[in-house]
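Each remark here refers to the structure printed beneath this line.
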Amino acid sequence: MLFVVVAYFLLQTNKYTISSLPYQVLNLVGAILLFISLCVHFNLGSFIIEVFWILITLYGMAKNLKRKKSEA
């Protein structure tokens, strides 16, 4: 949870942008760790949110990598 909160804080304080790799990595790591914790204390609603959070973050990372390759 701390990774997700720190990522959001850094985004809101303009230290990171939505497309910056460090922001996306913090989000992804946080979501994966929360997903793992849900395997111990399962909650369907939180599980579904984390699955979508991971998928959306991976999509954003792939999109940004593709954009950077096309700019090079």
Report whether [X] and [Y] are members of the same hydrophobic cluster (ILVMFWY, side-chain heavy atoms less than 4.5 Å apart, transitive linking).
| X | Y | result |
| --- | --- | --- |
| Val6 | Ile18 | yes |
| Ile49 | Phe42 | no |
| Leu65 | Leu26 | no |
| Leu28 | Val25 | yes |
| Val4 | Leu21 | no |

Below 3.5 Å, can you tabulate the donor-acceptor pairs from side chains in residues 53-64 to any protein atom, sequence neighbours excluded?
| residue | atom | partner | partner atom | Å |
| --- | --- | --- | --- | --- |
| Trp53 | NE1 | Asn27 | OD1 | 3.1 |
| Thr57 | OG1 | Trp53 | O | 2.8 |
| Asn64 | ND2 | Ser19 | O | 3.3 |
| Asn64 | ND2 | Gln24 | OE1 | 3.4 |
| Asn64 | ND2 | Gly60 | O | 3.2 |

> What residues, two or more places apart in sequence or in another chain, satisfy ring-ring contact (aromatic ring centres under 6.0 Å, His included) together with Phe35?
Replying inline: Phe47
> Looking only at atom types and distance, does a side-chain atom of Ser20 sit under 3.5 Å from a main-chain N or O of Thr17, one as donor and one as acceptor?
Replying inline: yes
> Applying ring-ring contact (aromatic ring centres under 6.0 Å, His included), which residue pairs with at least one partner in residues 3-27 are found, sequence neighbours left out?
Replying inline: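 Residue pairs passing ring-ring contact (aromatic ring centres under 6.0 Å, His included), neighbours aside: none found.
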